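Structure record follows, encoded as structure tokens.
What you see is a predicted model, and the numbers here were worked out from it, not measured in a lab. When a ligand or atom number is given, it counts from 1 through the structure's own listing order.
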Amino acid sequence: MPTELNKILNFIDGQFDGPVGGKYLDNIEPATGQPYSQVPDSDSRDVDQAVAAAEKAFPEWSGTSTAERSRVLLRIADLIERDLEKFARAESVDTGKPLSLARSLDIPRASSNFRFFATAILHTENEAHVMDGVAFNYTLRQPRGVVGLISPWNLPLYLLSWKIAPAIAVGNTAVAKPSELTPMTAFLLCEICREAGLPNGVLNIVHGTGPNVGSAITAHPKVGTISFTGGTVTGRKVAEAGAPLFKKISLELGGKNPNIIFADANLDAAIVGSLRSSFANQGQVCLCGSRVFVERSAYDEFVRRFVEKTAQLQLGDPLESTTDQGAIVSRTQLEKVKFYVGLAREEGGKITVGGSAPPPPNDRCRDGFFFPPTVITGLPVASRVNREEIFGPVITITPFESEEEVIGYANDNEYGLASSVWTQNLNRAHRVAEQIHTGTVWVNCWLVRDLRVPFGGMKQSGVGREGGNEALHFFTEAKNICIAK
Ligand code: NAP
């Protein structure tokens, strides 16, 4: 791997290189609070070079046969799997998440993304519409050209590969920017792309900050398509930058997801499932259920047992195999979590478990960014803590009296990303799922992903859908060809 002095490098036109301006930022390991590598602090000059490389590569790559594009993507998936341990370790060190989670979820899902889209393109159908005696129309889907892909820090390789794979599978070329907080797995991916035989310029990765690199990608006149995942405030900026040029934009944004437990649920399963949906990756999954609602008759038992289980979660060094809860991604994010716990106290909430900084798990992690899983009860539904996205290991639990009331609670929020419903009553499951305004509703489960289904948010959780055909359609331009009879 071409690191010089532990430096991460940009990947442009198949070559690793430093940023034009020669500046770097420290890449901090969240578990230790110390820099462990440096990441390019690139700017619009690097983005210009990347776009030029992508533009140059487009004619050949878009003209490459589907079978060959599929073969290269499958090879990338194979190589990620071969290097699973290296990727998992890099992901854990970069993000602070438990190594066991990176190994079992993030990295396997990243290789699945490549495998899925590599094979999906072999099985697409083109629509044809016949007009009696007049003409027939068929739909031709063509790659759009140079696409911009911007992703956040919480699931860095998984979310970036979820964009890269469909974008290049259908023949586009890409300029991608991972979060500068978590650049390492994208760096490792570039080496694998080279080894897999991906032609130069098809994938270009420019590291750096959102204001410098992200905004240069979204504003670039030759990047007509943007796929963005991140916070709602940033998503608004991306939409504003793209609107004057009528860019095609997909936005996957924040959430404040309801997790609804009816008294007729299998309570054991609901507790185990809710523990995951509350605290997986220290609550830093956009799909985490941070607002838990429990039907009044089951409320006391649920809270008692849930709090007991939460207290048993092992907070520790992310690299230790016994760790359930690792570090928060950055000092800024840790401060945000602490702020909301303080606000919960001011708003009248009761901290039933967690709530204050724990002792460091070991000497290596003495300056790390740790916060324990925290459960808050007794907060009004309309409180800020119950409405705003915290994106950390902090959840609220609120009782409800009826189906109608909890549907109202669930929908009374500007976000609409995902929800979970726990019940053994099949009719209720359908009825409630239909009425909740979120892009995904999980019934008696959480984070189950079928890559064929549409994925995305309602309301301020996003615009557009990713996944399966939705992604293949987003990354292609549909053209109608009408042939007279
Ligand atoms: P963020 O601050 O919005 O950043 C997301 C990405 O955008 C980063 O790469 C960031 O770069 C970049 N960026 C920042 N300013 C930009 C600008 N002006 N123009 C273009 N790009 C810019 O989000 P985050 O804090 O990394 O991630 C957490 C958020 O992502 C949460 O709200 C979470 O819910 C959401 N999320 C949503 C989904 C989903 O599928 N809906 C999935 C995961 C996460 P820097 O890192 O350098 O600032």
Side-chain angles (χ1 to χ4, degrees), residues 25-28 39-44 47 94-95 97 106 109 113 148-163 175-183 186 205-220 223 226-242 247 249-257 280-290 328-337 388-392 413-418 438-440 447 449 454-467 470-471:
L25 301 161
D26 281 342
N27 183 20
I28 309 286
V39 58
D41 187 7
S42 311
D43 59 35
S44 60
V47 172
D94 239 12
T95 61
K97 76 181 54 171
D106 298 73
R109 283 193 174 194
N113 288 340
L149 312 174
I150 301 176
S151 59
W153 45 259
N154 61 328
L155 307 162
L157 187 65
Y158 173 39
L159 292 174
L160 197 59
S161 58
W162 179 237
K163 298 181 185 305
V175 176
K177 187 199 104 60
S179 169
E180 101 271 4
L181 295 178
T182 54
I205 295 201
V206 183
H207 295 277
T209 66
N212 288 340
V213 175
S215 59
I217 294 173
T218 53
H220 202 292
V223 181
I226 308 278
S227 176
F228 171 87
T229 299
T232 295
V233 172
T234 319
R236 197 167 285 127
K237 289 184 194 159
V238 172
E240 281 167 7
K247 296 194 177 199
I249 301 183
S250 158
L251 300 170
E252 297 292 342
L253 307 177
K256 187 74 179 175
N257 308 306
N281 196 28
Q282 296 75 247
Q284 301 166 126
V285 179
C286 55
L287 304 162
C288 274
S290 50
I328 305 292
V329 74
S330 66
R331 188 174 298 285
T332 309
Q333 195 62 23
L334 176 64
E335 291 309 320
K336 184 178 174 196
V337 169
E388 298 174 13
E389 185 184 45
I390 301 172
F391 216 55
N413 196 273
E414 67 184 30
Y415 294 111
L417 188 55
T438 57
T440 298
L447 209 60
R449 288 295 298 279
F455 173 81
M458 295 169 76
K459 301 191 276 186
Q460 295 194 26
S461 287
V463 175
R465 290 288 179 273
E466 297 187 338
E470 306 276 346

Can you tell me which residue and heavy atom of the protein come closest to [atom], and the distance to 0.1 Å?
atom: atom 24 (P) of ligand 1; value: Trp153 NE1, 3.3 Å
atom: atom 38 (C) of ligand 1; value: Cys286 SG, 3.1 Å
atom: atom 18 (N) of ligand 1; value: Lys237 CD, 3.9 Å
atom: atom 19 (N) of ligand 1; value: Ser215 N, 3.5 Å
atom: atom 40 (O) of ligand 1; value: Phe455 CE2, 3.4 Å
atom: atom 15 (N) of ligand 1; value: Thr234 CG2, 3.3 Å
atom: atom 35 (C) of ligand 1; value: Gly230 O, 3.2 Å
atom: atom 32 (O) of ligand 1; value: Glu389 OE1, 2.6 Å

Go through ligand 1 atom by atom and flag the ones less than 4.0 Å from a non-hydrogen atom of [X].
X: Leu417; value: 41 (N)
X: Gly231; value: 1 (P), 3 (O), 23 (O), 29 (C), 30 (O), 32 (O)
X: Thr209; value: 47 (O)

Hey, are the side chains of [X] and [Y] touching, using non-hydrogen atoms and a 4.5 Å cut-off?
X: Ile205; Y: Leu160; answer: yes
X: Leu417; Y: Cys286; answer: yes
X: Asp41; Y: Asn212; answer: yes
X: Ile28; Y: Ser330; answer: no
X: Phe455; Y: Thr440; answer: yes
X: Lys459; Y: Thr438; answer: no
X: Val47; Y: Val223; answer: no

Item to complete: Identify, with sequence neighbours excluded, every residue that meets salt bridge (charged side-chain N to carboxylate O under 4.0 Å, His left out) alongside Glu470.
Response: none

Ignoring hydrogens, just give me the one of [options] whose non-hydrogen atom is nearest [atom].
atom: atom 9 (O) of ligand 1; options: Ser151, Gly210, Pro211; value: Ser151
atom: atom 43 (C) of ligand 1; options: Leu25, Thr218, Asp41, Asn154; value: Asn154
atom: atom 21 (N) of ligand 1; options: Pro183, Pro152, Gly214; value: Gly214
atom: atom 11 (O) of ligand 1; options: Gln333, Glu180, Lys177; value: Lys177
atom: atom 7 (O) of ligand 1; options: Tyr415, Tyr158, Phe228, Phe391; value: Phe228

Worksheet item: Between Ser151 and Lys163, does any side-chain donor sit less than 3.5 Å from a side-chain acceptor?
Response: no

Has [X] got any heavy atom lying under 4.0 angstrom from an atom of ligand 1?
X: Gly208; result: yes
X: Gly462; result: no
X: Leu253; result: yes

Response to the item:
Here the gap from Lys237 atom NZ to Thr232 atom OG1, rounded to the nearest 0.5 Å, amounts to 12.5 Å

Item to complete: Measure the spacing between CG of Leu157 and CZ of Arg109 and express it to the nearest 0.5 Å.
Response: 13.0 Å

Worksheet item: Counting distance only, does the side-chain N/O of Asn27 pair as donor-acceptor with the main-chain N or O of Val39 below 3.5 Å?
Response: no

Backbone, side chain, both or neither: what part of [X] comes under 4.0 angstrom of ligand 1, heavy atoms only?
X: Thr229; result: both
X: Ala241; result: neither
X: Ile217; result: neither
X: Leu159; result: side chain

Practice prompt. Starting from the C-alpha separation in whole Å, work towards a yes-or-no answer on side chain to side chain contact (heavy atoms under 4.5 Å, CB included) for Lys97 and Leu155.
Written response: CA-CA 9 Å; Lys97 76 181 54 171; Leu155 307 162; 3.7 Å; yes

Worksheet item: Quick check: does Ser179 get an N/O under 3.5 Å from an N/O on ligand 1?
Response: yes

Worksheet item: Does CZ belonging to Arg331 count more than 12 external heavy atoms closer than 6.0 Å?
Response: no

